[in-house]
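Protein chains get the first letters and strands the later ones, always in sequence-line order, with residue 1 at the start of each.
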Amino acid sequence: MNMRERILSTAANLFESRGIHASGVDTIIAESGIAKATLYKHFPSKNLLIVAYLRDKSDRFYEWLNSRLNSKKANSLEILIELCELVEQWIMTPEFHGLPFHMASVEFPDPTHPINKYSADLAMELQGYLSKIAAKAGAKDPETLGQQLTILFEGAALVERLSPGIGAAKRAKNAALTLIRASI
Amino acid sequence: MQQTNKFKTINTDMLAALDLRQKVLASGKASKTRLLGLSLQLSKWNAERNSSKISNAQLQDLSIEDVHLLKEIIHAEIERTSVKHPDVVSDQILFLVIGAIQIQSQNHSDEAWKLVNQSIQSFLKPEKEKRVLLLGSAVTALVAICVSAVMLLSPKMNDISDVAAIDTLPSTATSGVADPLTISALLHVYNKMKDGTCQLPQAAMLPPNQRQAYLSFINDGIIDVHNVENLKLALGYVNCLYPQELMHPTP
């Protein structure tokens, strides 16, 4: 793990366990055991560190999802079913602390703030990703289905985070499957 | 008061203060109207809190009490309907509503609520409307089947006119050697069959000589100039009816 990754990993742990505002730069420096200058060399401001954290989380999510989605099913309903199962798995993992961009937008509610703007971009990115899969699967209106799935998964992610283990992810998967079947 | 497992910035029962249940009940009698009323109340409330709390305070997330309250309201309304799989539909609306609150806070647009309303509308179509739709679909399907059957079973006008054209050709063909007009008309029929504009055959019922002429014509595209009369008779009977699959060249 290089220095940048080390800082990002420490910041991610702190952001997800304490919240972004509550995790000051000094705490990140202390927890990662690096010099202040090193942190600022890689991330000149806390905002840039937050943006890098959000980007990194999204990239990892899509990488994980893409590696598991069976390309043989790309043009069929099965890929959407598989997607729902993967999202359920992802929400159920112990490391899941909610959608990072949602958490960031809650902490930075001002729509003119760069973090809020970036969070909105990432939410759109998720919607675009889901719409693309819906289009490949032959949905009648892939854009709408992508939006509906995004909203539903965001809702499920919050409920699962608030009350882990009550089966929100599974119920959300079933609800998503109903939506999908009605859209093909 | 309850805190979530990790975050300190959680309030509780924000929605309870809204007197949401009463407002939803007051919004109408039908479940669909009430759920649309719930959607309206929540989108207004969320838009207000988004705009009033952006100064420096953090926008608070929903609490588990809020989620329970929403679940109870939605579930109660869905239970009143005769919708199939009420639990799945309740969950769907619940997750969509919660997701819409979050997305509205992220992008400051009420676009997500439009999709929530669309879902409510589509899941809670009145039974009468559903029945009318079903009946309409059944009638349409029946009409389509009848029309298709009539079209399939009656010979096509073009086919009849093609064969009629063959019949009106000069009788030189009967002398054993076909004239160019007959050959040309037969080739025209052949090409039409190849294009797939013809229907199913009664070729099996033809007399042997006619059947042989017909099959050579169909399978190999051969117009035997010494056997044109049999071919004409065959085509007169089957009205150019044969599927084009047999005409595909063998690999």
(request) Answer with side chain, backbone, both or neither: which region of Ala168(A) has an atom nearer than 4.5 Å to a non-hydrogen atom of chain B? (result)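 Both the backbone and the side chain of Ala168(A) come within 4.5 Å of chain B.
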How many angstroms lie between [atom1] in [X] and [atom2] in [Y], if you round to the nearest 0.5 Å?
X: Ile103(B); Y: His102(A); atom1: CD1; atom2: NE2; answer: 10.0 Å
X: Ile151(A); Y: Gln92(B); atom1: CD1; atom2: CD; answer: 11.0 Å
X: Leu115(B); Y: Leu145(A); atom1: CG; atom2: CG; answer: 10.0 Å
X: Leu158(A); Y: Phe95(B); atom1: CG; atom2: CZ; answer: 10.0 Å
X: Asp66(B); Y: Leu162(A); atom1: CG; atom2: CG; answer: 8.5 Å

[X] atom [atom1], neighbour heavy-atom count above 12 within 6.0 Å:
X: Gln41(B); atom1: CD; result: yes
X: Lys136(A); atom1: NZ; result: no
X: Arg80(B); atom1: CZ; result: yes
X: Lys46(A); atom1: NZ; result: yes

(request) Pick one of side chain, backbone, both or neither for Leu94(B), based on which atoms fall under 4.5 Å of a heavy atom in chain A. (result)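 Just its side chain gets close to chain A.
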(request) Sort Val67(B) into side chain, backbone, both or neither according to what part of it lies under 4.5 angstrom from a heavy atom of chain A. (result)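 When you check distances to chain A, only side chain atoms of Val67(B) fall under 4.5 Å.
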Close side-chain approach of [X] to [Y], heavy-atom, < 4.5 Å:
X: Thr144(A); Y: Gln118(B); answer: yes
X: Leu99(A); Y: Gln102(B); answer: no
X: His85(B); Y: Thr178(A); answer: no
X: Asn174(A); Y: Asp91(B); answer: no

(request) Specify the closest pair of heavy atoms between Pro109(A) and His108(B), including all atoms of both residues, with the distance to one decimal. (result)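 The answer is O-CE1, 3.4 Å.
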